[in-house]
Colleague: 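Got a structure here, written out as structure tokens. Questions coming.
Atoms within each ligand, like the ligands themselves, are counted from 1 in listed order. The residues of the chain are indexed from 1 along the displayed sequence.
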Amino acid sequence: MITKEQREKLAQEGKKISDNISHIKHRIVVFSGKGGVGKTTVSVNLSYGLHTHGYKTGILDADITGPNVPKMTGIKGNVVTDGDHIIPRESHGVKIISMANLLPADEAVVWRGPLRSKMINQFLGDVEWGDLDYLVADLPPGTGDESLTIAQNMKPDMAIVVTTPQEVSLIDSARAISMAKKMKIPHIALIENMSGLICPKCGHKIDLFGIGGGKKQAKQMDISFLGAIPINIEARKLADEGKSIVLKKKNADMSLSIFEIVNKIENSWN
Ligand SMILES: Nc1ncnc2c1ncn2[C@@H]1O[C@H](COP(=O)(O)OP(=O)(O)OP(=O)(O)O)[C@@H](O)[C@H]1O
Ligand SMILES: [Mg+2]
């Protein structure tokens, strides 16, 4: 049983979140069944891509225990508050909030689900996002508390499930797609990442993890397919230095795929 006071507090928190996110036109969640398939890479590069196309964009790093967005966007140091609000950091015009900028470097977050959810609610309700065209939430892998909290409170209008082409990843992404369907997210789409590798020396396409499984799965599960992103060794090196391939090398194969996906996202609302 919750007390009247607790009920009122919850209602207040809910109102604060809906007021704050009412200034954000489109809210996208990026998730996956498996870890390490490229959710953060996709979230960061799509956000820079959206910003390059003129949209006011933010990234909410919803991976509370393994926050990687600051590492990939080169953001160091802590966030500041103005008393009531948390001021997001900014990287090349994209606003960013992450647990990594709220704690001393290397400190482990060993929190159970309810505390992690509470932090996400703060990211939604207390961060000074201002008017945004897009807020992209980068989730931890799987279908845990963070995903549920985001789906309930951020009210996303698009879910992007990232998978790699191998069977093991596709099995898990089917679960993530089912979750998005259960949550009744209006647009559900799939991206196949690490889809082939062009040899930088000879230009030959190496079918490292397979190609095409994502497109087939999207068709089978009746969701949209946003595109395939190749493996790009330079993108990985740049990410390790806090830089993004779409900003540094606009004509790289991976950047072209990302911009094609950005176009498709823009056209999703027509
Ligand atoms: N298309 C790609 N080409 C080259 N490297 C990639 C590509 N996609 C992701 N990577 C690299 O693979 C690693 C894992 O990617 P990333 O951190 O984005 O995955 P994730 O799904 O967010 O992982 P986690 O589940 O741990 O949050 C990173 O080193 C990233 O730079
Ligand atoms: Mg990640």
Colleague: Only one of I229, N251, V246 clears side-chain contact (heavy atoms from CB on, under 4.5 Å) with L256; which?
Modeller: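 Exactly one candidate clears the test, N251.
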
Colleague: Using the salt bridge (Lys or Arg N to Asp or Glu O under 4.0 Å) criterion, which residues pair with K182? Sequence neighbours excluded.
Modeller: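 Expected list: none.
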
Colleague: State, to 0.1 Å, how close N193 and V162 come at their nearest heavy-atom pair, and which atoms those are.
Modeller: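 Nearest heavy atoms, N193 then V162: CB-CG1, 3.9 Å.
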
Colleague: Which residues and atoms, counting only protein N, O or S, are under 2.8 Å from the Mg ion (ligand 2)?
Modeller: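 Checking every protein N, O and S atom gives T40 OG1.
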
Colleague: When you pair each N or O of ligand 1 with protein N or O atoms, which pairs come out under 3.5 Å?
Modeller:
{"unit_1": "ligand 1", "atom_1": "1 (N)", "unit_2": "N193", "atom_2": "OD1", "d": "3.0"}
{"unit_1": "ligand 1", "atom_1": "1 (N)", "unit_2": "P230", "atom_2": "O", "d": "2.9"}
{"unit_1": "ligand 1", "atom_1": "3 (N)", "unit_2": "N232", "atom_2": "N", "d": "2.9"}
{"unit_1": "ligand 1", "atom_1": "8 (N)", "unit_2": "N193", "atom_2": "ND2", "d": "2.9"}
{"unit_1": "ligand 1", "atom_1": "18 (O)", "unit_2": "T40", "atom_2": "N", "d": "3.4"}
{"unit_1": "ligand 1", "atom_1": "18 (O)", "unit_2": "T41", "atom_2": "N", "d": "2.8"}
{"unit_1": "ligand 1", "atom_1": "18 (O)", "unit_2": "T41", "atom_2": "OG1", "d": "2.6"}
{"unit_1": "ligand 1", "atom_1": "19 (O)", "unit_2": "G38", "atom_2": "N", "d": "3.0"}
{"unit_1": "ligand 1", "atom_1": "21 (O)", "unit_2": "G36", "atom_2": "N", "d": "3.4"}
{"unit_1": "ligand 1", "atom_1": "21 (O)", "unit_2": "V37", "atom_2": "N", "d": "3.1"}
{"unit_1": "ligand 1", "atom_1": "21 (O)", "unit_2": "G38", "atom_2": "N", "d": "2.9"}
{"unit_1": "ligand 1", "atom_1": "21 (O)", "unit_2": "K39", "atom_2": "N", "d": "2.9"}
{"unit_1": "ligand 1", "atom_1": "21 (O)", "unit_2": "K39", "atom_2": "NZ", "d": "2.6"}
{"unit_1": "ligand 1", "atom_1": "22 (O)", "unit_2": "K39", "atom_2": "N", "d": "3.4"}
{"unit_1": "ligand 1", "atom_1": "22 (O)", "unit_2": "T40", "atom_2": "N", "d": "2.9"}
{"unit_1": "ligand 1", "atom_1": "22 (O)", "unit_2": "T40", "atom_2": "OG1", "d": "2.8"}
{"unit_1": "ligand 1", "atom_1": "23 (O)", "unit_2": "G36", "atom_2": "N", "d": "3.2"}
{"unit_1": "ligand 1", "atom_1": "25 (O)", "unit_2": "G36", "atom_2": "N", "d": "2.9"}
{"unit_1": "ligand 1", "atom_1": "25 (O)", "unit_2": "K39", "atom_2": "NZ", "d": "2.8"}

Colleague: Applying salt bridge (Lys or Arg N to Asp or Glu O under 4.0 Å) as the test, list every pair that has at least one member in residues 45-74; sequence neighbours left out.
Modeller: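 Sorted result for residues 45-74: empty, none.
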
Colleague: Considering all heavy atoms of both residues, which atom of V29 and which atom of M154 are nearest to each other, and what is their separation?
Modeller: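 Closest approach of V29 to M154, heavy atoms only: CG1-SD, 4.2 Å.
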
Colleague: Going by heavy atoms in the side chains, are R116 and T65 under 4.5 Å from each other?
Modeller: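 The answer is yes, as the side chains (C-beta and beyond) meet within the 4.5 Å cut-off.
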
Colleague: Less than 6.0 Å separating the ring centroids of F259 and H53?
Modeller: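 Judged by ring-centre distance (under 6.0 Å), F259 and H53 do meet the cut-off.
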
Colleague: Are W269 and H26 an aromatic pair, judged by ring center distance below 6.0 Å?
Modeller: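 For H26 and W269, the ring centres are under 6.0 Å apart.
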
Colleague: Out of K243, K237, R236, which residue meets the salt bridge (charged side-chain N to carboxylate O under 4.0 Å, His left out) rule with D240?
Modeller: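 Output: one option passes, namely R236.
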
